[in-house]
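Let me begin by presenting the structure, written as structure tokens, before commenting on it.
Please read all numbers here as calculations on a predicted model, not as lab measurements.
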Amino acid sequence: MNIIEIENLSHRFADGTVGLENINLSISEGMFVVIAGRNGSGKTTLLKHLNGLLLPTKGVVKLSGVSVAKNLTWSRQMVGMVFQDADSQIVGETVSDDVAFGPENLCLERAEVKHRVARALETVGLHHHKDQKPHVLSGGEKRRLAIAGILAMEPKVLVFDEPFSSLDYPGVKQVLAQMISLHQAGQTILVAAHDLEKLIAHTDRLVIMQDGGIVRDGLPSQLFGELEAFGIREPCASRLGMEVHSWLN
């Protein structure tokens, strides 16, 4: 079943700049999809259409057959986005308060909010930090906190925009392990990235963008030889003719 269906999607910004041009893309539930391309290729612009942060100039985006543009509130519960700058998503005085922000805005019962917060923090391994102030967390922990805040909304799709940006090695490992765990639990995951090294061993499908359009779409292993032509660095193991293994091993 396709959880995401994008048909003839185009987007032009207020100054007339073309952000997307005639995008057609369907994604099945439970897939781990990486959208790759050099900076300015349209990756983030495309992802922001999935929950109505941007609306199409032309075309339609559907979630489980329902138009995003016609159901913005529902769409933003369906699709949770984790941005590059985790600090921009932190709004609570404590870790627990921050995770509770989304469910509280859904006007859920207090007991349900508490249950969702506890479950989300347990999932990302931050339960023992629940009473701490978010600013004392490490970069990797802040990104995991952002993930917990999204999980508490119980989305069907998780979207990550350059999830390893500004993270040190331990932070990258924390966030990557979290993403893989969520995928194994059945979550549909989309990731925008220009560096594939850390992700590619876990990716079901690779979509390459250039100049606001999709130029390649298929199994990662079948596209390795074409990556450099689109400004994307080929994974080291592939360049050496070796099998690509998980970055966590």
Side-chain angles (χ1 to χ4, degrees), residues 1-12 18-37 41-83 102 106 123 147 150-163 178-193 196 199-224 226-227 230 232:
M1 173 185 173
N2 289 330
I3 193 166
I4 297 171
E5 294 177 319
I6 301 172
E7 301 169 2
N8 303 316
L9 173 64
S10 295
H11 183 85
R12 280 168 176 73
V18 175
L20 299 172
E21 191 68 57
N22 200 36
I23 299 286
N24 288 280
L25 183 67
S26 295
I27 294 173
S28 300
E29 190 168 2
M31 291 196 80
F32 192 125
V33 180
V34 171
I35 300 174
S41 60
K43 304 186 300 295
T44 300
T45 302
L46 175 59
L47 295 182
K48 285 183 175 179
H49 280 79
L50 297 182
N51 66 356
L53 292 177
L54 290 175
L55 296 175
T57 303
K58 186 184 77 172
V60 64
V61 179
K62 296 179 182 177
L63 301 173
S64 298
V66 179
S67 169
V68 169
K70 294 178 180 178
N71 298 271
L72 289 178
T73 301
W74 176 79
S75 297
R76 288 167 188 171
Q77 292 176 50
M78 280 280 289
V79 177
M81 285 195 69
V82 180
F83 298 99
L106 296 178
T123 297
I147 295 170
I150 296 300
L151 290 178
M153 301 282 284
E154 298 189 349
K156 297 294 186 183
V157 180
L158 284 171
V159 175
F160 296 84
D161 189 9
E162 299 290 354
Q178 192 65 64
M179 294 166 67
I180 294 165
S181 175
L182 290 167
H183 180 236
Q184 290 173 341
Q187 284 279 358
T188 303
I189 293 182
L190 274 72
V191 185
L196 301 182
L199 289 163
I200 205 65
H202 306 283
T203 303
D204 297 321
R205 182 175 170 191
L206 177 60
V207 176
I208 300 176
M209 294 189 68
Q210 181 173 267
D211 299 328
I214 293 175
V215 290
R216 296 290 186 275
D217 181 355
L219 295 173
S221 59
Q222 296 175 345
L223 299 176
F224 283 156
E226 301 184 61
L227 295 177
F230 300 109
I232 306 164

Pair Leu106-Gln77, side chain to side chain contact (heavy atoms under 4.5 Å, CB included): steps then yes or no: CA-CA 9 Å; Leu106 296 178; Gln77 292 176 50; 3.5 Å; yes

Test log, rule side chain to side chain contact (heavy atoms under 4.5 Å, CB included), inputs Phe160 and Ile147: CA-CA 9 Å; Phe160 296 84; Ile147 295 170; 3.7 Å; yes

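The CD1 atom of Ile4 sits 13.0 Å away from atom NZ of Lys156, with the distance rounded to the nearest 0.5 Å. Expressed to the nearest 0.5 Å, how far CD1 of Ile232 lies from OG of Ser41 amounts to 7.5 Å. Atom CD of Glu5 is separated from atom CG of Leu25 by 10.5 Å, given to the nearest 0.5 angstrom. Taking OG of Ser26 as the start and CE of Met31 as the end, the distance is 11.0 Å to the nearest 0.5 Å. From Leu54, atom CG reaches atom CG of Asn51 across 9.5 Å, with rounding to the nearest 0.5 Å. To the nearest 0.5 angstrom, Leu50 atom CG is 7.0 Å from Ile27 atom CD1.
Between Met179 and Leu199, the closest heavy-atom pair is CE-CD2, 3.9 Å. Closest approach of Val159 to Leu47, counting heavy atoms only: CG1-CD1, 3.5 Å. Here the shortest heavy-atom pairing between Pro220 and Ile200 reads CB-CD1, 3.6 Å. The nearest pair of heavy atoms linking Met78 to Leu63 is CB-CD1, 3.9 Å. Between Glu7 and Asn24 the shortest heavy-atom distance is CA-OD1, 3.4 Å. In this structure, Ser10 and Asn22 approach most closely via the heavy-atom pair OG-N, 2.9 Å.
Between the side chain of Glu29 and the backbone N or O of Gly186, no donor-acceptor pair lies under 3.5 Å. With hydrogens and angles ignored, the 3.5 Å screen pairs a side-chain donor or acceptor of Asp204 with a backbone N or O of Phe32. Here the side chain of Arg76 pairs a donor or acceptor atom with the backbone of Gly52 at under 3.5 angstrom.
Looking at Val82 and Pro163, their side chains never come closer than 4.5 Å, going by heavy atoms from C-beta outward. For the pair Leu206 and Leu227, the minimum side-chain heavy-atom distance is below 4.5 Å. Taking the side chain as every heavy atom from C-beta outward, Leu182 and Leu151 approach each other to under 4.5 Å. Side-chain contact between Val79 and Leu190 is absent, with no heavy atoms from C-beta onward closer than 4.5 Å. The shortest side-chain heavy-atom distance between Gln178 and Thr123 falls under the 4.5 Å cut-off. Two residues are said to be in side-chain contact when any heavy atoms from C-beta on lie closer than 4.5 Å; Met1 and Ser64 meet this criterion. Looking at heavy atoms from C-beta onward, Leu20 lies in side-chain contact with Met209 at the 4.5 angstrom threshold.
Under 3.5 Å, the side chains of His183 and His202 contain no donor-acceptor pair of N or O atoms.
A salt bridge does not link Lys58 with Glu21: none of the charged nitrogens is closer than 4.0 Å to a carboxylate oxygen.
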